[in-house]
Protein chains: 2
Amino acid sequence: MLSKKCKYAVHALVYMAKTPKEKFLIKDVSEACAIPKKFLEAILLDLKRAGVLGSKQGKGGGYFLRREPYEVNLAEIVRLFDGAIAHVPCATYKFYERCTECVDEETCSVRDAFLQVRNATVEMLKANTLEDLVKKETKLKARKKK
Amino acid sequence: MLSKKCKYAVHALVYMAKTPKEKFLIKDVSEACAIPKKFLEAILLDLKRAGVLGSKQGKGGGYFLRREPYEVNLAEIVRLFDGAIAHVPCATYKFYERCTECVDEETCSVRDAFLQVRNATVEMLKANTLEDLVKKETKLKARKKK
DNA sequence: GTAAAAGACTACTGATTTAGTAGGGATTGC
DNA sequence: GCAATCCCTACTAAATCAGTAGTCTTTTAC
């Protein structure tokens, strides 16, 4: 399961990607997405440090997307907040750790199975950019009206 | 990430599926798989309650697989120990919970994306039975020797 | 140059989960 | 009856999560 932090981050980003605004106040995003303000503050800061968002301090400041919506995907966000995507540490690249459970990693079928799951999952998460999510929402809303 | 309990369970089951023995002592599985004995005890008990293993008490007793290796798959084991497979509670069936983050679940693109991931993951985990894992290990070992 | 608006940062907290450990109790075979 | 074996409850230390509180810094408007 994703942490709340991660889910909040995704929803905040989708909101920012779909709303035509130059700058977003923490307060506005917090209200629009129903995220505790102080908590969101920390989240947006993390996203800024990761280069996803930019910010401007002082009066008239706020946050803004630093990259185009098609350049930001779910895999990146999930990794940023919740770490590795794989189910086992020995089936990751960026967060690799040898597992104590398998005697020989090379011939461990459990690792092999979860490696397959991981690869497919990463592909799917990468295939979902903010742009995709915004478009999808528009489609789902149109379908509902019918 | 899977809990240790879940990983231990999978390794213990694979061990039992590949080893031609009628009954397994906790102690033996514990040593063969490098799992703390007392911890494994609780794990095997859970698997027994779930109908995966059977057991016999007293002298000469032990645990044994109650179903054929091809009838036990990873999805079931993961669900048993770690709960839902999906990344978000609103994208599960067995552990469903409405999420506070999305205003309208029907048109929530985040849910839609993770539902897609979940479905694919479940399929893959289901496709990996104990039998498959044992066979895979044999193959990997053969390939390594070459 | 000062006040107000905004983000940046540090530190704390209560609740929950994880990964075990301890210590008996119940059952069975001989 | 006694030793081997699984069954069960309770406890604990450490980590993580989800958030809150409070202060500091930067920027703009006047």
Side-chain angles (χ1 to χ4, degrees), chain A residues 1-12 16 21-31 33-50 52-64 66 78 80-84 87-89 95 97 99-101, chain B residues 1-9 11-12 16 21-31 33-50 52-66 78 80-84 87-89 95 97 99-101:
Chain A
M1 285 280 168
L2 298 181
S3 66
K4 286 234 168 192
K5 214 168 176 177
C6 185
K7 273 189 280 181
Y8 285 155
V10 172
H11 280 281
M16 291 174 79
K21 244 195 205 179
E22 277 221 355
K23 268 179 227 140
F24 296 85
L25 298 185
I26 297 179
K27 188 171 158 280
D28 292 344
V29 179
S30 155
E31 283 170 9
C33 300
I35 303 171
K37 197 188 150 204
K38 269 293 191 181
F39 200 23
L40 179 63
E41 204 179 296
I43 293 167
L44 297 186
L45 208 51
D46 284 343
L47 287 168
K48 185 199 156 190
R49 292 205 183 103
V52 177
L53 297 180
S55 72
K56 210 187 162 210
Q57 284 195 125
K59 200 171 180 176
Y63 280 98
F64 50 89
R66 201 160 182 180
V78 171
L80 179 59
F81 289 97
D82 291 359
H87 285 88
V88 289
F95 300 87
E97 248 179 275
C99 67
T100 44
E101 293 85 27
Chain B
M1 284 279 170
L2 298 180
S3 66
K4 285 235 169 192
K5 213 168 177 178
C6 185
K7 273 189 281 180
Y8 285 155
H11 280 282
M16 290 173 80
K21 243 194 203 178
E22 277 220 354
K23 268 180 228 140
F24 295 86
L25 298 184
I26 297 178
K27 187 171 157 281
D28 292 344
V29 179
S30 154
E31 284 169 8
C33 301
I35 303 170
K37 198 187 150 204
K38 270 294 192 180
F39 200 22
L40 179 62
E41 207 178 296
I43 293 167
L44 298 186
L45 209 50
D46 283 343
L47 287 169
K48 186 200 155 190
R49 292 202 184 106
V52 176
L53 296 180
S55 71
K56 211 186 162 209
Q57 284 193 124
K59 201 171 180 177
Y63 280 99
F64 49 90
L65 278 171
R66 201 162 183 179
V78 170
L80 179 59
F81 289 97
D82 290 359
H87 284 89
V88 288
F95 299 87
E97 249 178 275
C99 66
T100 44
E101 294 85 26

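The model shown is predicted, which means the values in this text are computed figures rather than measured ones. Labels below follow one simple rule: chain letters A, B, ... track the order of the sequence lines, proteins then strands, and each chain is numbered from 1.
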* Under the side chain to side chain contact (heavy atoms under 4.5 Å, CB included) test, residues paired with Leu25(A) that sit two or more places apart -> Asp28(A)
* With sugar-phosphate meaning primed atoms plus P, OP1 and OP2, does Lys56(A) contact a base, only sugar-phosphate, or nothing at under 4.0 Å between heavy atoms? -> sugar-phosphate
* To do: Classify the nucleic acid contact of Lys27(B) as base, sugar-phosphate or nothing, counting any heavy atom under 4.0 Å across all strands shown.
  => nothing
* To do: Select from Lys48(B) and Ser3(A) the residue whose nearest nucleotide in DNA chain D is closer to the 5' end of that strand.
  => Lys48(B)
* Of all nucleotides in DNA chain D with an atom under 4.0 Å from a non-hydrogen atom of chain B, which is the first and which the last going 5' to 3'? -> dA4(D) to dC8(D)
* Asked: Within the pair Arg49(A) and dC9(C), is there a side-chain N or O less than 4.0 Å away from OP1 or OP2?
  -> yes
Could you tell me how far apart [X] ([atom1]) and [N] ([atom2]) are, to the nearest whole angstrom?
| X | N | atom1 | atom2 | value |
| --- | --- | --- | --- | --- |
| Phe81(B) | dA19(C) | CZ | P | 12 Å |
| Lys5(A) | dT16(C) | NZ | C1' | 17 Å |
| Ile26(B) | dT21(C) | CD1 | P | 14 Å |
| Glu41(B) | dA26(C) | CD | P | 15 Å |
| Phe39(B) | dA22(C) | CZ | C1' | 15 Å |

* To do: Please tell me if the side chains of Ile26(B) and Tyr63(B) come closer than 4.5 Å, counting only heavy atoms from C-beta onward.
  => yes
* To do: Assess whether side chain to side chain contact (heavy atoms under 4.5 Å, CB included) is satisfied between Val52(A) and Arg66(A), documenting all intermediate values.
  => CA-CA 6 Å; Val52(A) 177; Arg66(A) 201 160 182 180; over 6 Å; no
* **Step-by-step side chain to side chain contact (heavy atoms under 4.5 Å, CB included) determination, Tyr8(B) to His11(B)** => CA-CA 5 Å; Tyr8(B) 285 155; His11(B) 280 282; 5.9 Å; no
* What residues, two or more places apart in sequence or in another chain, satisfy ring-ring contact (aromatic ring centres under 6.0 Å, His included) together with His87(B)? -> Phe114(B)
* ring-ring contact (aromatic ring centres under 6.0 Å, His included) against Phe64(B), all qualifying residues, sequence neighbours excluded -> none
Give every pair of a protein N or O atom and an N or O atom of nucleotides 3-5 of chain C that lie under 3.5 Å apart, one pair per line with the distance.
residue	atom	partner	partner atom	Å
dA5(C)	N3	Lys59(A)	N	3.4

* Gap separating the NZ atom of Lys7(B) from the CD1 atom of Ile43(B), nearest 0.5 angstrom -> 11.5 Å
* Is it true that Lys27(A) and Glu31(A) make a salt bridge, defined as a side-chain N closer than 4.0 Å to a carboxylate O? -> yes
* Could you list the residues that satisfy salt bridge (charged side-chain N to carboxylate O under 4.0 Å, His left out) with Lys5(A), not counting sequence neighbours? => Asp46(A)
* **Out of dA19(C), dG20(C), dG23(C), whichever nucleotide has its closest atom nearest the side chain of Lys38(B)** => dG23(C)
